[in-house]
Amino acid sequence: MRLRSFAFLGFMLLVAMAPSMASAQPQPLDRIVAVVNKDAIMQSQLEDRVTQVRRQMASRNVPAPNEADLRRQVLDRMILEQIQLQMAERANLSVDDTQLNATVRGIAEDNGMSMDEFADALEEDGMSLASMREQVRREMLLRQVQQSQVASRVNVTDREVERYLDQQGETADTAYHLAHILVSVPESPTPEQVEQAQAKVRDLYRQLQSGANFAQLATAESDGQQALSGGDLGWRRGDQLPSLFADVVPTLSNGEVSEPIRSPSGFHLVKLIDTRGQQGEQKRVVTENRVRHILIGTNPNRNDQQAEALARDIRQRIANGESFAALAQEYSDDDGSALDGGELGWTRPGQMVPAFEDAVKALDVGELSQPVRSRFGYHVIELEDRRRQDVTRDAQREQIRQTLFQRKVSDEMEAWTQEIRSGAYIDNRLEDGRQ
């Protein structure tokens, strides 16, 4: 059974045993394929990741490049990942078991499974729950590093949002399916390095003009974050295009590839896969709910059954007349709302986890829910009020703010990855044949 929402890595130890021999011959030794500062990446780790990537590419119908190109690309991603994990270690970042358990439980719930069913599905995919948990922990650490190092540098002002609203053109209502190849240049490149990158991107452009498969070429040659997905950037509305491509993409025909585009991070080729029209901005009226809640989570001293029992006890005490706000201040594990008596204010669709939202929809104003299970624990919810609200302008502003934020993060991420590479000691033995 294949799972969605998360990419899993397996681990296999390759051994060679000679049959029908009096004594076993020596097993081949694992080899170092790269050294990243103080850590080594082993050949067995690389082979495991290559196998995983091939599965993912097959599931997405992305043509795989030749073995050498794929191994080079995968190792490059592993090197970058290792640098970030070392940064997490130096910053004393960690993922505690409560966070980890909640995330793993959320993955299971997103796949419509209980934890037992999830563990069985993992076994069918050749992976244990324990090894999957460690991979989730690594991914969470990487997100923490990127959040602290990249997203924290980005800010979108109200003035930028207003200016963007004023400047939106006709392309805002058109969506584009794009793919991308990046030939990067180092931070502060020499003229020779720029010339080499330019020669490479022009050669790739010529290959594409001669009929080469874009996805296969991107997987083999692109330095972009989406290389192992064939360079696929997905669908982007005109007002969500990276600023670098905003003037170029609308001029392309479906299936056409742009000429090389220069940026500080390197040279880009963009392919317009498809285009579709969008309907203009429609008035958006949503149901808003004013709610308060008490969250009882699990922790090393409280298991799931104890958390549920405590939530039921608190719910009964409220029903018997005790103050909701006082109990929230005393018991709620939601630090953000506990001191305010559990108040969450007016909430809109999509702001809360599905289990929470489903429970609120079923309540009448003034009604108290039974304990509601989510990935965070058990919630006791009270619906205080309900209203219909026109949020068209607010929704438009928030969408623009997120668009501008993601643009800035994307630009900053390219620069940041070059920065951390240049500051690390990297001995890539796959490139020079010393594996």
Side-chain angles (χ1 to χ4, degrees), residues 1 3-11 39 45 48-49 52 78 81-149 151-152 293-314 328-339 342 344 352-356 359 371-381:
M1 178 184 299
L3 303 175
R4 61 183 185 274
S5 302
F6 201 84
F8 303 111
L9 300 178
F11 182 80
D39 296 324
Q45 295 173 303
D48 293 337
R49 187 70 68 91
Q52 172 65 21
M78 293 177 72
E81 179 183 290
Q82 194 61 45
I83 296 172
Q84 294 176 66
L85 290 172
Q86 292 170 356
M87 294 174 68
E89 182 180 358
R90 289 196 298 271
N92 293 318
L93 299 178
S94 63
V95 176
D96 62 42
D97 286 340
T98 301
Q99 291 177 292
L100 181 60
N101 291 338
T103 302
V104 172
R105 190 181 301 113
I107 295 170
E109 290 175 358
D110 288 345
N111 282 278
M113 301 179 189
S114 68
M115 285 303 299
D116 287 342
E117 291 170 335
F118 187 52
D120 290 341
L122 287 171
E123 291 292 341
E124 290 183 23
D125 270 6
M127 186 177 192
S128 70
L129 182 60
S131 58
M132 188 279 295
R133 280 170 53 86
E134 287 310 303
Q135 177 61 19
V136 173
R137 190 189 298 273
R138 288 167 63 90
E139 294 290 340
M140 294 176 71
L141 278 174
L142 292 174
R143 285 197 295 272
Q144 285 188 45
V145 172
Q146 292 167 6
Q147 177 69 31
S148 64
Q149 295 290 320
S152 62
H293 82 140
I294 297 172
L295 172 65
I296 306 299
T298 59
N299 57 50
N301 299 316
R302 183 196 298 147
N303 62 29
D304 191 85
Q305 290 181 331
Q306 291 169 329
E308 182 179 14
L310 178 56
R312 291 192 179 281
D313 178 65
I314 290 172
Q329 291 171 354
E330 181 177 357
Y331 290 103
S332 182
D333 291 320
D334 180 4
D335 296 334
S337 67
L339 293 179
L344 295 174
M352 300 297 175
V353 293
F356 191 102
V372 176
R373 182 76 170 86
S374 81
R375 68 183 63 179
F376 303 107
Y378 288 89
H379 308 258
V380 177
I381 308 167

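Please read all numbers here as calculations on a predicted model, not as lab measurements. Basis for what follows: all heavy atoms, side chains included, without hydrogens, waters or symmetry-related copies.
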Interatomic spacing from [atom1] in [X] to [atom2] in [Y] - rounded to 0.5 Å:
X      : Y      : atom1 : atom2 : value
Leu129 : Glu134 : CG    : CD    : 10.5 Å
Gln84  : Arg138 : CD    : CZ    : 11.0 Å
Ser332 : Asp334 : OG    : CG    : 5.0 Å

Heavy-atom side-chain proximity of [X] to [Y] below 4.5 angstrom:
X      : Y      : result
Ile107 : Val136 : yes
Asp304 : Met115 : no
Tyr378 : Leu310 : no

Quiz item: Between the main-chain N or O of Asn303 and the side-chain N or O of Gln306, is there a donor-acceptor pair closer than 3.5 Å?
Solution: yes

Practice problem: Output yes when a side-chain donor or acceptor of Arg137 lies under 3.5 Å from a complementary backbone atom of Val95, and no otherwise. | Solution: yes

Practice problem: Measure the acute angle between the ring planes of His379 and Phe356, then classify it against the limits of 30° and 60° as parallel, tilted or perpendicular. | Solution: perpendicular

Quiz prompt | Cationic N near anionic O, under 4.0 Å, Arg105 to Glu109 | solution = no

Practice problem: Please report the closest heavy-atom contact between Ala307 and Ile296, naming both atoms and the distance. | Solution: O-CG2, 3.6 Å

Exercise. For residues Leu93 and Val145, report the shortest heavy-atom separation together with the two atoms involved.
Key: CD1-CG2, 3.9 Å

Quiz prompt | Derivation of the side chain to side chain contact (heavy atoms under 4.5 Å, CB included) call for Glu81 and Arg49 | solution = CA-CA 12 Å; Glu81 179 183 290; Arg49 187 70 68 91; 3.3 Å; yes

Exercise. Before giving the answer on salt bridge (Lys or Arg N to Asp or Glu O under 4.0 Å), spell out for Arg312 and Glu308 the whole-Å C-alpha distance, their side-chain angles and the decisive distance to 0.1 Å.
Key: CA-CA 6 Å; Arg312 291 192 179 281; Glu308 182 179 14; 3.3 Å; yes

